[in-house]
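What follows is a set of notes on a single structure, which appears directly below.
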Amino acid sequence: MAAGGFFYIYRQLNGNIHTAAIDAKSAGTEKKDAFGRSPINILVIGSDTRGDKADCGLGGACEQGGGERADVEMVVHISADRSNATVLSIPRDLVTSLPPCTGNKTGQSGGVGARTDMINSALTYGPDCQVAAVHHLTGIPIDHFMEVDFAGVVSISDAVGGVGICVDKNVYDPSSHLKLSAGPHTLKGVAALEFLRTRHGFTGGSDNVGRTSGQHAFLSAAMKKLNSEGTLTNPVKVLKLANATTKALTVDQNLGSISGLVGLAQDFSKVPANRVTFVTMQNVPDPGNQARVVQGPGAATLFRTIADDQSLTIATGKKSAGSSARSKTQPFDDSSVAVHVENGTGTANRAHMILQALTDAGFSSGSTADNAGTTATTTTLTYPQGESAQAKAVASALGLPTSDVKQGSGNEIVLLIGSDWMTGTAYPSSHRSSASADTQKALSGALARNGSDSACVHVSTDRTINETADGKPTTAVTKWGTTPSVAYSRSPDVKDSAP
């Protein structure tokens with residue numbers, strides 16, 4: 001009887017799960033380690049869809065329309081040996097090159113073509129397009145995706161029993177409605193959503209820094225709670241949590257079963273909290289629009305380190321191939337190194353994409369891009385006599401093996417992109433030899449947080465909150481603003497999000 005009841009619940013939960021297909025060709029393929037084990041990369045998507053009245057009430061802005069976008073994008077990487085994990089946040093406001101994709105939601109047989117746009121806009125066409133966009137940007141293979149909307153965040157945080165969070169000052173953000181006094185709180189339901197969605201409350205005061213710092217602290221606390229209570233290793237507890245989770249999630253077809261979700265949860269539970277590293281992709285303001293960002297220096301190294309399944313838990317400060325080469329030759333600055341990038345793939349804009357990655361990484365703005373005279377099967381980097389170290393620095397920034405770096409007969413450094421590198425700005429891990437991770441460079445500017453860190457989240461001291469002429473905090477744009485802590489003191493009539 002008990003077994004029959006368990007089977008009934010199991011079948012019912014399986015029926016709750018929503019799935020959507022992803023195209024393996026646009027998601028990449030994992031590289032197994034020497035023991036035949038594979039890492040796991042999951043793209044976690046927080047959708048801002050207002051699909052029903054419940055979501056509209058929680059998120060507002062239903063009248064604005066504009067389609068579904070990714071409010072949150074995190075790549076959760078679990079190492080092949082399950083000894084460490086990395087959680088990489090990608091800014092929602094990142095402007096980048098987006099690949100063509102079929103699109104679950106395009107309603108068009110031909111899908112959507114290549115374009116340049118904010119990366120979170122790919123979700124408008126479906127989660128398969130969002131997966132393709134993230135793989136295209138990072139070169140990290142994406143095995144699975146998990147998408148949750150506003151109402152889903154509320155129901156899952158309730159099912160977990162609330163998550164313990166601490167803020168170091170009073171904070172009020174009228175945009176997300178988050179209002180908390182300084183100190184520890186247990187966030188459940190709507191309060192959890194307000195915390196995860198605040199743009200202006202925390203240090204950084206933007207979608208690209210402040211928001212991700214709060215999200216990392218929340219996920220770290222949730223992970224520690226689940227592990228301390230043994231939830232992820234107890235099938236009965238997992239099934240109870242799954243009742244809320246399965247109704248809230250949309251996942252890929254290969255993860256669309258209770259056994260698949262339980263297996264993934266148990267894989268993640270094997271990683272100790274102090275071996276989980278939360279990072280944010282390095283980014284800088286977009287010169288063409290200060291409200292947007294573009295890829296920053298160090299991002300290519302961060303992507304490559306994750307794709308190569310190398311732990312970021314401990315920053316060893318090992319030198320990259322490029323920096324090792326510099327120690328043996330005359331010092332030089334990356335900004336003095338110009339590269340001519342040639343597209344031998346037959347795919348439009350490949351040379352310009354890699355050129356942008358190189359200039360973002362600090363190499364010369366005088367670098368150029370063009371189509372090669374013929375197609376090439378293999379990517380190569382050639383350099384003139386005396387510029388071996390400069391060429392190796394370029395190769396290191398892109399993840400290109402030193403075996404593909406050779407002295408040429410010309411008078412400039414030339415990168416010929418072959419058909420072995422069709423997507424992304426980091427050379428594919430399946431085509432490069434493993435090397436020691438330059439974790440110091442990968443983590444530089446990545447706002448790293450260890451999973452065991454229980455420090456309070458830092459409330460912003462910048463004037464990030466708008467206010468009216470009489471000093472009341474508001475979401476409207478005005479001529480001046482105030483800090484989240486002052487906004488808290490000026491809003492005694494607004495109820496706190498949590499006691």
Side-chain angles (χ1 to χ4, degrees), residues 46 71-72 74 87 89 91-92 153 157 160-228 273-274 276-280 282-283 313 315 443-467 471-475 480-499:
D71 231 24
V72 177
M74 294 183 180
V87 180
S89 284
R92 57 173 298 217
V153 171
S157 64
V160 169
V163 174
I165 284 295
C166 173
V167 292
D168 67 350
K169 299 179 185 68
N170 294 341
V171 56
Y172 176 44
D173 177 4
S175 294
S176 74
H177 308 296
L178 177 72
K179 188 184 182 196
L180 295 173
S181 60
H185 302 275
T186 298
L187 303 184
K188 300 174 66 175
V190 174
L193 179 66
E194 292 171 352
F195 185 90
L196 291 169
R197 296 196 70 236
T198 184
R199 300 185 185 191
H200 311 294
F202 305 134
T203 298
S206 73
D207 285 337
N208 307 308
V209 178
R211 177 177 280 195
T212 57
S213 68
Q215 291 167 352
H216 290 172
F218 185 93
L219 290 178
S220 177
M223 175 186 68
K224 283 183 285 188
K225 177 172 183 176
L226 291 174
N227 282 337
S228 66
N274 64 357
V276 179
T277 303
F278 292 86
V279 292
T280 300
Q282 295 93 334
N283 60 88
T313 301
L443 292 175
S444 178
L447 308 173
R449 179 188 181 101
N450 188 273
S452 63
D453 186 356
S454 57
C456 293
V457 180
H458 296 298
V459 174
S460 175
T461 56
D462 296 331
R463 294 164 61 89
T464 55
I465 308 299
N466 294 317
E467 60 181 5
K472 295 288 289 183
T474 177
T475 58
W480 60 85
T482 189
T483 69
S485 293
V486 173
Y488 182 97
S489 66
R490 292 180 179 174
S491 306
D493 55 324
V494 178
K495 185 179 179 180
D496 279 24
S497 301

Original post:
Going through the distances and angles, do Asp173 and Arg199 end up as a salt bridge (charged side-chain N to carboxylate O under 4.0 Å, His left out)?
Top reply: CA-CA 8 Å; Asp173 177 4; Arg199 300 185 185 191; over 6 Å; no
Non-hydrogen atoms of [X] and [Y] that approach each other most closely:
{"X": "Ser444", "Y": "Gln282", "value": "O-NE2, 3.0 Å"}
{"X": "Ser491", "Y": "Ala487", "value": "OG-O, 2.8 Å"}
{"X": "Ser452", "Y": "Asn274", "value": "OG-CB, 3.8 Å"}

Which distance, rounded to the nearest 0.5 Å, do you find between the [atom1] of [X] and the [atom2] of [Y]?
{"X": "His200", "Y": "Asn466", "atom1": "NE2", "atom2": "CG", "answer": "7.0 Å"}
{"X": "Thr483", "Y": "Arg463", "atom1": "OG1", "atom2": "CZ", "answer": "8.5 Å"}
{"X": "Asn450", "Y": "Thr277", "atom1": "CG", "atom2": "OG1", "answer": "5.5 Å"}
{"X": "Tyr172", "Y": "Asp496", "atom1": "OH", "atom2": "CG", "answer": "10.5 Å"}

Contacts table for residues 161-168: side-chain donor-acceptor under 3.5 angstrom, sequence neighbours left out:
unit_1 : atom_1 : unit_2 : atom_2 : d
Asp168 : OD1    : Val459 : N      : 2.9
Asp168 : OD2    : His458 : ND1    : 2.9

Donor-acceptor under 3.5 Å ([X] side chain, [Y] main chain):
{"X": "Asn170", "Y": "Ala182", "answer": "yes"}
{"X": "Thr475", "Y": "Ser175", "answer": "no"}
{"X": "Thr198", "Y": "Gly201", "answer": "yes"}
{"X": "Ser176", "Y": "Glu194", "answer": "yes"}

Original post:
Residues two or more places apart in sequence or in another chain: which of them pass salt bridge (Lys or Arg N to Asp or Glu O under 4.0 Å) with Lys225?
Top reply: none
Subject >> With sequence neighbours excluded, residues passing side-chain contact (heavy atoms from CB on, under 4.5 Å) with Gln215 >> reply: Val72, Met74, Leu196, Arg211, Thr212
Subject >> side-chain contact (heavy atoms from CB on, under 4.5 Å) partners of Ala191, counting only residues at least two apart >> reply: Leu187, Ser497
Subject >> Test log, rule side chain to side chain contact (heavy atoms under 4.5 Å, CB included), inputs Lys169 and Thr461 >> reply: CA-CA 9 Å; Lys169 299 179 185 68; Thr461 56; 3.9 Å; yes
Original post:
Any side-chain heavy-atom pair from Ser220 and Val276 closer than 4.5 angstrom?
Top reply: no
Subject >> Results of ring pair (Phe, Tyr, Trp, His ring centres under 6.0 Å) for Phe195 - residues two or more places apart only >> reply: Phe202
Subject >> For Tyr488, all residues meeting ring pair (Phe, Tyr, Trp, His ring centres under 6.0 Å), sequence neighbours excluded >> reply: none
